[in-house]
Each structure stands twice: as structure tokens, then as C-alpha cells.
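Only a predicted model underlies this, so the values are computations on that prediction, with no experimental measurement involved.
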Amino acid sequence: MKNLFAQKNNTGLWITAGITGVLAAGAGIWFYFRGKKSDETAGSQQEHVQDYLEAKHPKKKKHKTYVDELADLVHHQAT
């Protein structure tokens, strides 16, 4: 029985694959340049994310306690 799917000539397949690859590369380049163009035009108009954040305060130093002072810090509750 003859195989219906066997092809002797793959030229059409190679041409289709080449055209698809060129179109995909062109679309990628177009999106890249469109993104660069929008970044340049909106560069001065964009607001920085940090503008909305509160100003950072310097960290407080940890209070170092000695073992002798621990008894004064503990407050016992009456049960």
C-alpha cells in the first residue's frame, strides 16, 4: 500500500519555515523599537515609584542590657 503522507519534495516546507522565521524576527524587532520609542517619549513624564514612599528614617540603635538589669525590666502580673 502506498504511503499518502510521504513527500519526495520538501521545498514548500522549507520556504514556509523561512518566511515564518523572517516574520517572527521582524515582529520582534518592531516590538523592540516600539518599546524604545515609548520609553524615550515618556521618560520625562513617568513618575518615580519612590516618590510615593515615605522618607526613610534612620534605624534606632538597639538598647543593650546586661544580665544584672533584666530583673528590673521584667514586670510580673498578679494571677
Side-chain angles (χ1 to χ4, degrees):
M1 183 171 192
K2 185 178 179 181
N3 187 357
L4 300 174
F5 299 105
Q7 293 182 352
K8 295 179 182 177
N9 189 0
N10 290 337
T11 307
L13 180 66
W14 286 108
I15 291 173
T16 304
I19 291 173
T20 305
V22 168
L23 288 175
I29 292 170
W30 180 73
F31 279 116
Y32 174 75
F33 283 121
R34 188 179 76 164
K36 281 187 82 168
K37 181 182 167 187
S38 67
D39 285 345
E40 290 172 0
T41 58
S44 61
Q45 297 172 355
Q46 288 180 346
E47 297 180 10
H48 297 285
V49 176
Q50 295 179 351
D51 293 343
Y52 293 103
L53 298 176
E54 295 178 9
K56 291 186 178 180
H57 300 291
K59 291 184 180 179
K60 294 181 180 178
K61 287 187 175 182
K62 283 188 175 181
H63 178 70
K64 294 182 180 181
T65 54
Y66 296 105
V67 177
D68 300 336
E69 299 173 3
L70 290 178
D72 298 333
L73 295 174
V74 176
H75 299 288
H76 294 284
Q77 294 179 350
T79 55

inquiry  = Per the side chain to side chain donor-acceptor pair (under 3.5 Å) rule, what does the pair list look like for residues 23-34, sequence neighbours excluded?
reply    = none
Any residue meeting side chain to side chain contact (heavy atoms under 4.5 Å, CB included) with Asn9, in chain and number order, not counting sequence neighbours = Thr11
Donor-acceptor contacts under 3.5 Å from residues 13-28 side chains, at least two apart:
{"residue": "Thr16", "atom": "OG1", "partner": "Gly12", "partner atom": "O", "Å": "2.7"}
{"residue": "Thr20", "atom": "OG1", "partner": "Thr16", "partner atom": "O", "Å": "2.7"}

